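Since this is a predicted model, take the numbers as computed values, not measurements.
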Amino acid sequence: MNHLIEVAPVARHEASRTLSVVVPVFNEQEALPAFHRRLAAALAAVQGEWEVVYVDDGSTDATQRVLRTLQAGDPAVGVARFSRNFGKEAAMTAGLRLARGAAVVLIDADLQHPPEAIESMLQAWRQGADVVNMRRRSRRDETWFKRVSAGLFYRMINRVSEVPIPADVGDFRLLSRRAVDALNRLDERTRFMKGLFAWIGYHEVTLDYDVQERVAGTTKWRYGKLWTFALEGITSFSVAPLKLASYAGFTCALGAFLYALSFLIQTLLVGEAVRGFPTLIVTILLLGGLQLMATGILGEYLGRLFIETKRRPLYLLDDYRPASLSMLQLSDEGLA
Ligand code: UDP
Ligand code: MG
């Protein structure tokens with residue numbers, strides 16, 4: 001029975017707080033059944049109603065079939081599918097737009113983010129948090145190289161970004177309805193979600209969790225992709241590199257001027273001699289390099305500007321089958 005209709009106003013307000021869990025999935029056929037089982041078990045303990053929105057980011061394996069099976073067995077499951085792989089950030093964006101809950105949790109499908117933590121996230125939300133970030137307690141499962149480069153990345157981006165971007169906070173996160181609505185209003189094409197979450201500026205809370213091993217399958221990130229991601233983060237949250245180019249140029253020009261001056265004085269005092277060939281080469285190479293670098297930085301921004309001006313959609317939905325039971329009907333008995 002739908003207990004929402006009968007309950008007293010106060011309790012009703014509480015009960016109408018429903019949760020959406022958004023899961024971006026890309027080629028996760030092995031991980032999905034186990035993931036859904038654990039998620040459903042974790043959510044059974046949670047008060048209120050929920051839906052899961054799986055966003056299939058153009059998987060090429062049996063993921064779509066697995067999702068359909070999950071949906072057939074659980075009315076709280078919604079399945080969206082992209083026309084092709086648009087990337088995790090696009091998948092999360094789509095999920096946030098499709099989610100109807102009063103609170104929305106973003107979680108990975110590979111069980112690296114423990115669904116059991118959702119309960120404490122909801123608690124923080126009930127206490128007034130708009131954004132609940134989950135911080136990895138350690139990154140020891142990752143390679144030495146990834147750890148060091150991630151550390152460097154956060155140091156660098158926080159030095160240049162206008163908004164502080166919390167380190168070691170992945171995409172495991174809860175957002176309140178108004179935070180989701182705010183995010184949905186940002187429709188820039190190059191989406192650096194970590195930055196966007198911080199940008200909205202609502203009340204943030206950070207909880208710690210232990211990152212788990214991937215249950216099955218392999219990571220979908222390659223170092224090349226991570227590099228692009230880092231670059232995206234920096235260029236969409238700061239124009240410092242542009243300034244860097246002009247400062248470097250200025251310093252070089254000043255150096256060259258002083259050098260020329262000293263050269264002039266030297267020539268006047270001691271006369272001319274054919275010397276300084278190494279200095280010449282070094283200067284040419286240095287200046288050439290700096291110029292290329294400055295052009296490259298300009299190019300990075302220009303490229304993003306180009307992409308933004310085309311105003312293409314972030315993703316294309318091939319298909320969306322929302323959770324069939326309305327969340328309000330999904331009461332305690334809904335999720336055995
Ligand atoms: N993912 C996605 N689109 C992609 C790559 C990954 O939707 O292009 C999903 C993936 O299925 C998983 C989550 O994003 O649910 C995190 O991916 P992964 O575990 O490969 O990343 P890592 O944990 O290594 O950062
Ligand atoms: Mg993972």
Side-chain angles (χ1 to χ4, degrees), residues 24 87-90 92-93 106 108 112-113 131-173 183 186 188-202 204-209 211 219-255 285-308 314:
K88 185 183 180 190
E89 312 269 310
M92 291 192 296
T93 305
L106 289 167
D108 282 0
Q112 282 191 288
H113 301 159
V131 179
V132 184
N133 295 318
M134 299 301 281
R135 184 170 42 208
R136 283 170 282 239
R137 214 167 259 139
S138 72
R139 305 179 69 117
R140 69 191 125 75
D141 59 310
E142 293 177 337
T143 62
W144 170 88
F145 181 73
K146 201 169 169 188
R147 273 202 312 267
V148 170
S149 54
L152 268 176
F153 169 69
Y154 285 115
R155 281 254 295 279
M156 193 155 84
I157 193 159
N158 273 315
R159 185 152 296 182
V160 299
S161 157
E162 310 151 24
V163 289
I165 290 168
D168 289 334
V169 167
D171 293 314
F172 191 20
R173 176 178 278 108
L183 272 177
L186 308 177
E188 53 210 86
R189 258 99 279 268
T190 44
R191 293 181 85 77
F192 180 67
M193 296 284 268
K194 280 186 218 292
L196 298 183
F197 293 129
W199 182 88
I200 59 173
Y202 286 138
E204 268 186 283
V205 168
T206 300
L207 306 176
D208 287 316
Y209 77 101
V211 72
T219 175
K220 309 296 180 294
W221 287 101
R222 298 281 166 269
Y223 285 121
K225 239 169 138 185
L226 279 172
W227 168 248
T228 315
F229 181 71
L231 213 58
E232 205 128 88
I234 290 169
T235 51
S236 52
F237 276 85
S238 157
V239 290
L242 286 174
K243 294 185 200 147
L244 181 82
S246 37
Y247 288 144
F250 179 73
T251 315
C252 257
L254 191 71
L285 286 180
L286 180 73
L287 280 177
L290 280 174
Q291 274 168 1
L292 282 177
M293 189 186 86
T295 321
I297 293 172
L298 279 177
E300 290 291 334
Y301 281 92
L302 195 68
R304 289 193 169 76
L305 210 62
F306 175 62
I307 289 166
E308 294 289 336
L314 282 167

K.L.:
Do R136 and D208 meet the salt-bridge criterion of a basic N to acidic O distance under 4.0 Å?
P.N.:
no

K.L.:
Identify each donor-acceptor pair in which a side-chain atom of residues 288-303 lies under 3.5 Å from a protein atom, sequence neighbours left out, and give them as a table.
P.N.:
from, atom 1, to, atom 2, distance (Å)
T295, OG1, Q291, O, 2.6
E300, OE1, R304, NH1, 3.0
Y301, OH, S238, O, 2.4

K.L.:
Do the side chains of L207 and N133 get nearer than 4.5 Å, heavy atoms only?
P.N.:
no

K.L.:
Would you call the rings of F229 and F192 parallel, tilted or perpendicular, taking 30° and 60° as the class edges?
P.N.:
tilted

K.L.:
Drop me the distance from F172's CZ to H113's NE2, to the nearest 0.5 angstrom.
P.N.:
6.5 Å

K.L.:
Distance from E89 atom CD to M92 atom CE, nearest 0.5 Å?
P.N.:
4.5 Å

K.L.:
With a 4.5 Å heavy-atom cut-off, do Y154 and K194 have their side chains touching?
P.N.:
yes

K.L.:
Is there side-chain contact between Y209 and R137, with heavy atoms separated by less than 4.5 Å?
P.N.:
no

K.L.:
If I compare all heavy atoms of A198 with all of P164, which pair ends up nearest, and what's the gap?
P.N.:
CB-O, 3.4 Å

K.L.:
To the closest 0.5 Å, what do you measure between CH2 (W144) and OG (S149)?
P.N.:
9.0 Å

K.L.:
Apply side chain to side chain contact (heavy atoms under 4.5 Å, CB included) to A230 and list each qualifying residue two or more places apart in sequence or on a separate chain.
P.N.:
F153

K.L.:
Do K88 and D171 come close enough that some side-chain heavy atom pair is under 4.5 Å?
P.N.:
yes

K.L.:
Do V131 and I200 come within less than 4.5 Å of each other through their side chains, counting heavy atoms only?
P.N.:
yes

K.L.:
Within this structure, what is the CZ-CD1 distance for the pair R159 and I234, rounded to the nearest 0.5 Å?
P.N.:
12.0 Å

K.L.:
Kindly compute the distance separating CD1 (I157) from CG (L152), expressed to the nearest 0.5 Å.
P.N.:
13.0 Å

K.L.:
Just to verify, which of V169, L183, V163, I165 counts as forming a side-chain contact (heavy atoms from CB on, under 4.5 Å) with F197?
P.N.:
L183

